[in-house]
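Just so we're clear, the structure is a prediction, and the values are computed from it rather than from any experiment. Note that these values count all heavy atoms, side chains included, but never hydrogens, waters or copies made by symmetry. If you read the sequence from its start, that first residue is 1, and numbering goes on from there.
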Amino acid sequence: MVFGGFMGAVSTLTAVKWFWFMFALAMGALVLVAVTRTFREAMHLTSDPLRDRGRIELYGRLSWLTVVMWSFYPLVWLFGEGFAAFSVSFEVVAYTITDLVSKVGFG
């Protein structure tokens with residue numbers, strides 16, 4: 001994901017830039033499927049549904065919060081690097097806010 005976003009940002013050809021963006025989206029989708037489905041199914045297999053109900057619900061909420069927050073990264077890239085609709089300053093602020101909410105918010 002990060003590598004694709006970086007390659008898209010440093011690419012000068014428009015077609016190459018969009019290829020890397022789509023590549024990063026595909027890799028991000030794989031990670032989000034793992035977070036929302038694969039890991040959740042593994043947790044269900046190793047947990048007692050009656051005893052660990054709160055933990056299962058918490059994981060469900062946190063995984064969807066992750067999906068929502070990580071959705072902002074491609075949007076910022078799309079409008080910042082892709083369409084050049086954001087200034088560099090606004091792009092930096094948008095990434096910083098997204099980082100703070102999605103990463104520091106969990107800690």
Side-chain angles (χ1 to χ4, degrees):
M1 288 183 326
V2 174
F3 178 72
F6 170 74
M7 291 302 293
V10 298
S11 298
T12 56
L13 298 174
T14 304
V16 174
K17 180 182 292 274
W18 288 107
F19 165 78
W20 284 111
F21 176 71
M22 297 306 288
F23 176 80
L25 279 181
M27 295 301 107
L30 291 175
V31 170
L32 292 178
V33 165
V35 168
T36 57
R37 286 195 166 169
T38 308
F39 298 155
R40 182 181 202 142
E41 290 170 3
M43 187 176 65
H44 279 287
L45 292 175
T46 60
S47 299
D48 178 20
L50 296 175
R51 186 172 50 104
D52 295 333
R53 195 178 114 191
R55 186 173 64 134
I56 292 170
E57 288 177 9
L58 178 63
Y59 182 82
R61 287 189 197 118
L62 292 177
S63 66
W64 283 108
L65 179 63
T66 301
V67 169
V68 169
M69 289 312 304
W70 283 13
S71 298
F72 286 103
Y73 288 104
L75 288 175
V76 172
W77 192 97
L78 184 68
F79 289 105
E81 293 290 333
F83 298 137
F86 293 162
S87 68
V88 174
S89 299
F90 184 82
E91 186 179 354
V92 169
V93 169
Y95 277 129
T96 302
I97 291 170
T98 305
D99 280 342
L100 288 172
V101 173
S102 65
K103 295 179 179 122
V104 178
F106 281 103

Practice task
Keeping to residues at least two apart or across chains, list the salt bridge (charged side-chain N to carboxylate O under 4.0 Å, His left out) pairs with something in residues 85-99.
Solution key: D99-K103

Problem - Side chains of Y73 and Y95 in contact at under 4.5 Å (non-hydrogen atoms) - result: yes

Handout entry: Cluster link V92 to M69, ILVMFWY, side chain under 4.5 Å
Key = no

Completion exercise
I56 and M43 have their tightest heavy-atom pair at CA-CE, 3.6 Å

Fill in the blank from the handout: All heavy atoms of W70 vs all of V31, minimum pair found to be CZ3-CG1, 3.5 Å

Handout entry: Closest non-hydrogen atom pair between L25 and P74, with its separation
Key = CD2-CB, 3.7 Å

Completion exercise
Rounded to the nearest 0.5 Å, the CZ atom of F19 sits from the OG1 atom of T14 at a distance of 15.0 Å

Problem - Residues that R53 engages under salt bridge (Lys or Arg N to Asp or Glu O under 4.0 Å), provided they are two or more places apart - result: E57

Practice task
Tell me whether L13 is reachable from W77 by hopping between hydrophobic residues (I, L, V, M, F, W, Y) whose side-chain heavy atoms are closer than 4.5 Å.
Solution key: yes

Fill in the blank from the handout: Closest non-hydrogen atoms of A24 and G5, given as atom of the first, atom of the second and distance, are CB-N, 3.8 Å

Exercise for the section: Treat each ILVMFWY residue as a node, draw an edge where side-chain heavy atoms are under 4.5 Å apart, and state whether F90 and F83 are in one component. Expected result: yes

Practice task
Using a 4.5 Å cut-off on heavy atoms from C-beta on, say whether the side chain of Y59 contacts that of V35.
Solution key: yes

Practice task
Any chance you could measure S102, atom OG, to L65, atom CG, to the nearest 0.5 Å?
Solution key: 8.5 Å

Exercise for the section: Report yes or no: do S63 and R40 form a side-chain donor-acceptor pair below 3.5 Å? Expected result: no

Exercise for the section: For residues V101 and F72, determine if any side-chain heavy atom of one lies less than 4.5 Å from a side-chain heavy atom of the other. Expected result: no

Problem - Cluster check W64, V33: I/L/V/M/F/W/Y, side chain < 4.5 angstrom - result: no

Problem - Counterpart residues, side-chain contact (heavy atoms from CB on, under 4.5 Å), relative to S11 (two or more places apart) - result: V16, K17, W20

